[in-house]
Amino acid sequence: MKDSFGREINYLRLSITDRCNLRCVYCMPMRGLSFVPGDELLSPLEIEAVVRAAAETGFRKIRLTGGEPTLRNDIVHIIERIKSVEGIKELTMTTNGYLLPKLAKPMADAGLDRVNIHIDAVNHDQLLKTMRLAEPSKAWAALAAAEEAGLTPIKLNAVVTRGYNEDDVHELARLTLDHPWHVRFIELMPLGAPAGIALDNLVSTAETIALIEAQLGPIFPLNGGALDGEARLYRLPGAEGTLGFISPVSAPYCDDCNRMRVTADGKIRLCLLSDQEIDFKNTLRSGASHKDLIALFQKAVTHKPWGHKLKEGVHPKLRTMSQIGG
Ligand code: SAM
Ligand code: SF4
């Protein structure tokens with residue numbers, strides 16, 4: 001289905017919990033957050049109903065996210081329910097990976113296609129500083145488990161934060177020399193309570209590229225510099241993997257946006273960086289029919305705003321990234 005600006009909207013990101021076992025500096029405050037009570041989170045059957053309505057509206061790709069999606073103890077069942085929906089071509093997950101040694105195989109068997117694993121640094125101190133509560137050995141075990149379960153190609157996500165991990169971006173880039181991984185560097189976005197850190201500590205894509213090139217030499221654009229999803233891809237000479245740069249602040253890609261989100265408390269969020277939302281869960285729980293749910297998605301696609309206004313200093317206040325899922 002096309003939105004009112006002619007963009008094909010076919011990618012839905014589902015935040016299935018707002019809880020997390022880490023507290024990344026730019027995502028979740030250490031204290032003071034309240035979480036959606038367990039019975040307010042969508043159940044596997046409700047998630048299937050969301051996805052069925054979304055599939056009928058034209059959504060073809062689903063990404064599970066959070067908070068940390070693997071903290072749901074019914075995660076394998078959720079994957080099975082989504083895979084039962086006709087029309088869904090790809091099911092992926094964004095995770096910090098800490099539970100992958102236990103879950104990668106059952107999730108892959110249930111139909112998960114691949115994972116993006118979030119790791120902000122190779123250097124231990126910088127990893128701990130950025131992804132508070134992190135355990136470096138768990139991050140590496142996550143990558144090994146995902147590879148062994150065939151959840152490939154693996155993408156690594158790193159959010160670059162001045163004063164925290166920007167000195168280590170070249171070490172993350174270096175990983176692509178010997179691994180077929182896609183390491184993606186994400187510009188900080190200001191959302192909710194931790195917005196201050198994003199506004200003060202942004203490292204632009206141009207600077208991240210300069211930091212990598214200063215240590216490892218020139219990197220080369222792929223695809224003629226065109227966007228691949230939301231990333232522009234590069235490669236180090238002779239590398240097995242690629243480098244991706246996601247630049248929502250310095251080079252917004254709103255004109256290519258194909259996505260929409262469902263928050264952990266069951267609202268359709270029309271744009272990551274705008275607080276416009278449409279309730280889904282209450283409608284679903286008050287006995288709505290499949291047709292009613294499709295109508296909600298159609299309304300959401302029709303009302304999707306053009307893009308964000310970060311450059312004008314407008315940023316969303318309602319939620320943290322952990323409640324939306326990135
Ligand atoms: N816990 C999982 C993880 O960390 O991958 C999934 C949820 S997390 C909210 C999804 C993605 O959002 C992460 O990969 C992280 O890189 C990104 N993220 C979180 N806060 C961000 C911020 N303020 N700006 C940019 N990206 C952010
Ligand atoms: Fe947790 Fe992911 Fe947010 Fe980090 S980015 S605090 S791992 S939800």
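Please read these numbers as outputs of a predicted model, since none were measured by experiment. One-based numbering, in listed order, for ligands and for the atoms of each.
With salt bridges taken as basic N to acidic carboxylate O contacts below 4.0 Å, one links R259 and E230. Salt-bridge annotation for E48 and R52: present, with a side-chain N of the basic residue lying under 4.0 Å from a carboxylate O of the acidic one. Comment: R269 engages D275 in a salt bridge, judged by a side-chain N to carboxylate O separation of less than 4.0 angstrom. Note on D39 versus R285: no salt bridge recorded, every NZ/NE/NH1/NH2 to OD/OE distance being 4.0 Å or above. Between R174 and E171 there is a salt bridge, since at least one side-chain N of the basic residue sits less than 4.0 Å from a carboxylate O of the acidic one.
For F5, the ring pair (Phe, Tyr, Trp, His ring centres under 6.0 Å) criterion is met by W306, not counting sequence neighbours.
Here the protein contributes C20 SG as N, O or S atoms under 2.8 Å from atom 1 (Fe) of ligand 2.
A side-chain donor-acceptor contact under 3.5 Å links R60 to the backbone of A55.
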Could you go through residues 100-115 and list every donor-acceptor pair under 3.5 Å that involves a side-chain atom there, pairing it with any protein atom two or more places apart or in another chain?
from	atom 1	to	atom 2	distance (Å)
K105	NZ	D109	OD1	3.4
K105	NZ	D109	OD2	2.8
D113	OD2	L91	N	2.8
R114	NE	E90	OE2	3.3
R114	NH1	N116	OD1	3.4

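With hydrogens and angles left out, the side-chain atoms of E135 and W140 include no donor and acceptor closer than 3.5 Å.
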Any protein N/O atoms within less than 3.5 Å of an N/O atom in ligand 1? List the atom names and distances, or say none.
from	atom 1	to	atom 2	distance (Å)
ligand 1	1 (N)	G67	O	3.0
ligand 1	1 (N)	E68	OE1	3.1
ligand 1	4 (O)	H118	ND1	2.7
ligand 1	14 (O)	N157	ND2	3.3
ligand 1	23 (N)	Y26	O	3.1
ligand 1	23 (N)	M189	O	2.9
ligand 1	24 (N)	M189	N	2.9

